[in-house]
Number of protein chains: 2
Amino acid sequence: MVVAKSREQGGKREGGRTPSRADRREQLLAVAAELFATRGYAGTTTRDIAEAAGILAGSIYHHFPSKEALLDEILRTFLTRLYDRFAGVERQGGDPREALINLIKISFSCIHDTPHAVAVYQNESDNLAGEKGFAYVADYSLRIEQIWLRVMTAGQTSGVVRPDLDVKLAYLFIRDAVWSSVRWYRAKGPLQSDNVADQYLKLLYGGLG
Amino acid sequence: MVVAKSREQGGKREGGRTPSRADRREQLLAVAAELFATRGYAGTTTRDIAEAAGILAGSIYHHFPSKEALLDEILRTFLTRLYDRFAGVERQGGDPREALINLIKISFSCIHDTPHAVAVYQNESDNLAGEKGFAYVADYSLRIEQIWLRVMTAGQTSGVVRPDLDVKLAYLFIRDAVWSSVRWYRAKGPLQSDNVADQYLKLLYGGLG
DNA sequence: GCCATGACCAAATGTTTGTTCGGTACCATG
DNA sequence: CATGGTACCGAACAAACATTTGGTCATGGC
């Protein structure tokens with residue numbers, strides 16, 4: 001006969017109280033995002049995730065159908081939110097220079113708020129390019145790129161962006177410099193998100209020399 | 001009794017001739033670098049590497065002691081070469097502005113020549129931070145950063161870099177924008193390495209607006 | 001032309017992987 | 001106080017993994 005141990009051992013959280021179903025789901029997503037971000041998706045095992053959440057690996061499957069489903073929800077939540085915020089800037093209209101500044105500030109604030117999701121997106125989106133269930137990742141990336149290109153091109157015609165720049169290249173440089181900061185930016189560090197954004201805007205608009 | 005098949009099947013390369021030991025080693029390193037770059041180290045199996053090289057997985061171990069040894073040699077070769085070239089710029093001295101331009105041009109040319117090694121370094125170096133045998137990765141990264149910071153600081157005192165910039169932050173932005181281009185730069189594409197470098201320097205020195 | 005060397009194959013190793021499943025203890029509801 | 005639903009455990013699963021081993025066959029030096 002098999003006797004299960006008490007759930008007191010590891011199954012409870014938040015001061016001994018059993019977390020609600022919704023809380024456990026969020027906890028698993030948060031824990032998975034952090035592990036995917038630091039060790040990579042392929043380098044993270046379901047046992048790693050479970051241990052970090054205080055349960056056993058098999059119990060994950062009461063909340064998610066697979067390890068991949070965790071990655072999917074992390075990326076989907078991140079991308080929809082990011083796209084909505086970017087689209088809001090464009091919908092709002094106004095000065096292209098202000099719009100571009102807003103796009104950049106949103107990016108940095110997104111890194112500040114959800115660094116793990118950003119890192120997962122950056123590290124895994126390339127590998128997911130051909131995967132069937134992850135086509136939406138490339139879709140959102142393209143739509144986001146189009147927003148940026150429209151804003152920057154508008155900036156060129158309105159005179160706040162130099163006309164001799166290759167807009168696509170400039171976008172790629174700006175995008176990479178901004179998003180890559182997730183690797184060294186620490187929310188608890190001395191540099192706050194706004195300062196980093198300001199410094200980057202200063203470099204971008206004033207130039208290096 | 002066990003009978004091994006002829007080696008004709010997959011063990012030969014280069015028009016049917018058996019590659020030399022040195023050639024096979026180089027081939028395995030090249031193939032592993034490409035796979036590590038596109039699928040990640042953890043996402044690449046020894047069978048993947050072997051198949052791409054036309055041999056069986058076990059045969060890899062006649063050339064390398066482990067899968068990790070492949071990663072090690074890829075990173076070590078890349079980092080020593082890169083560091084040497086950067087150090088050469090600093091040793092040469094001269095105008096800080098010229099030196100900084102050279103650092104950037106070397107970076108882009110390095111991406112052009114060995115994109116896979118660059119990608120592997122970018123994707124895996126963070127995960128290797130604590131690993132015993134890979135301490136040299138962080139060492140080289142630090143030494144390279146110090147070269148850049150010295151050059152940029154020299155540029156500040158000599159007046160070619162604005163004094164109100166946070167040099168460390170500016171370095172991080174430049175570094176990330178430059179190295180991240182490995183994700184979209186294609187050596188065979190219309191944009192050649194020099195053009196990309198020029199465009200980036202134009203953006204960097206002239207500013208966006 | 002013979003033979004030793006070594007590059008490779010074929011097969012098996014033990015471990016780790018994602019996932020499944022039957023049972024158990026907790027909790028809310030009556 | 002009974003009871004049903006469910007969140008989780010404990011154990012198992014097959015598949016995939018990096019690595020080991022022993023045998024085989026081509027090749028280059030004699």
Side-chain angles (χ1 to χ4, degrees), chain A residues 1-29 31-32 35-36 39-73 131 133, chain B residues 1-29 31-32 35-36 39-73 131 133:
Chain A
M1 177 182 286
V2 180
V3 178
K5 286 183 192 165
S6 164
R7 283 169 62 198
E8 295 284 347
Q9 208 177 46
K12 294 189 175 181
R13 292 272 131 170
E14 301 178 295
R17 282 214 56 74
T18 301
S20 74
R21 177 172 183 80
D23 287 347
R24 179 70 83 190
R25 254 187 73 89
E26 288 308 308
Q27 183 202 14
L28 284 169
L29 283 170
V31 154
L35 290 172
F36 290 166
R39 309 182 194 181
Y41 175 72
T44 303
T45 73
T46 54
R47 283 167 178 83
D48 291 336
I49 300 169
E51 191 186 8
I55 61 177
L56 290 189
S59 305
I60 293 176
Y61 292 81
H62 279 271
H63 301 275
F64 297 92
S66 67
K67 178 189 171 189
E68 212 176 68
L70 281 161
L71 178 61
D72 182 86
E73 186 156 337
E131 305 281 311
Chain B
M1 180 181 287
V2 179
V3 178
K5 286 182 193 164
S6 165
R7 285 168 63 197
E8 295 286 343
Q9 208 177 46
K12 293 190 176 181
R13 290 275 131 170
E14 299 177 294
R17 284 213 55 73
T18 302
S20 73
R21 177 172 183 81
D23 287 347
R24 180 68 85 190
R25 256 187 72 91
E26 287 309 308
Q27 183 201 17
L28 285 169
L29 284 169
V31 152
L35 290 172
F36 290 166
R39 311 184 192 180
Y41 175 73
T44 303
T45 73
T46 54
R47 282 169 178 79
D48 292 335
I49 300 169
E51 191 186 8
I55 59 176
L56 291 188
S59 305
I60 294 177
Y61 294 82
H62 279 272
H63 300 276
F64 296 93
S66 67
K67 178 187 171 189
E68 212 175 69
L70 280 161
L71 178 62
D72 181 85
E73 187 157 335
E131 305 282 310

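Chain A is the first sequence line, chain B the second, and so forth, proteins listed ahead of strands; every chain is numbered from 1. Because the structure is a prediction, the values reported are computed rather than measured.
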Atom pair distance, as rounded to whole Å: CZ in B/F64 and P in D/dT19 = 13 Å
Please write out the pairs of protein N or O atoms and N or O atoms of nucleotides 14-16 of chain D separated by less than 3.5 Å, giving the distance to one decimal.
none

Which residue lies toward the 5' end of DNA chain D, B/S66 or B/H62, if each is placed at its nearest nucleotide?
-> B/S66
In whole Å, what is the span from the CG atom of A/L70 to the P atom of C/dG18?
-> 11 Å
Are A/L56 and A/E51 close enough that some pair of their side-chain heavy atoms sits under 4.5 Å apart?
-> no
Candidate nucleotides C/dC9, D/dA7, D/dT19, ranked by approach to the side chain of B/I55 - the nearest = C/dC9
Return the nearest nucleotide to the side chain of B/R24; candidates are C/dC9, D/dC9, C/dC8.
-> C/dC8
Would you mind reading off the distance between A/E26 atom CD and D/dA7 atom P, rounded to a whole angstrom?
-> 15 Å
Atom pair distance, as rounded to whole Å: CD1 in A/I60 and P in C/dT20 | 12 Å
Nucleotide of C/dT19, D/dA18, D/dC9 approaching A/Y61 most closely (side-chain heavy atoms) = C/dT19
Can you measure from CD (A/E131) to CG (A/D72) and round to the nearest 0.5 angstrom?
-> 11.5 Å
Give a yes/no answer on whether the side chain of B/S59 brings an N or O atom under 4.0 Å of OP1 or OP2 in C/dC9.
-> yes
In whole angstroms, how far is the C1' atom of D/dA7 from the CG atom of A/L28?
-> 12 Å
Among the nucleotides D/dT19, C/dT19, C/dC8, whichever has the atom closest to the side chain of A/T46 is C/dT19
Expressed in angstrom and rounded to an integer, what is the separation of A/D72 atom CG from C/dG18 atom P?
-> 17 Å
Does A/H63 have a side-chain nitrogen or oxygen under 4.0 Å from the phosphate oxygens OP1 or OP2 of D/dT6?
-> no
Send over the distance from A/E68 CD to C/dG18 P, rounded to a whole Å.
-> 12 Å
Working for side chain to side chain contact (heavy atoms under 4.5 Å, CB included), residues A/T46 and A/Y61 | CA-CA 10 Å; A/T46 54; A/Y61 292 81; 3.8 Å; yes
So do the side chains of B/D48 and B/V31 get within less than 4.5 Å of each other, counting heavy atoms only?
-> no
Pairwise distance NZ(B/K67) to CG(B/L70) - rounded to 0.5 angstrom | 9.5 Å
Whole-Å distance between C/dC8 C1' and B/R25 CZ?
-> 17 Å
Closest of C/dA7, C/dG18, C/dA10 to the B/R21 side chain is C/dA7
All side chain to side chain contact (heavy atoms under 4.5 Å, CB included) counterparts of A/R47, not counting sequence neighbours | A/T45, A/A57
Selected nucleotide, minimal atom distance to B/L56 side chain, candidates D/dC9, D/dC8, C/dA10 = C/dA10
Given B/E73, B/H62, B/H63, the one that forms side-chain hydrogen bond (donor to acceptor under 3.5 Å, both in side chains) with B/R25 = B/E73
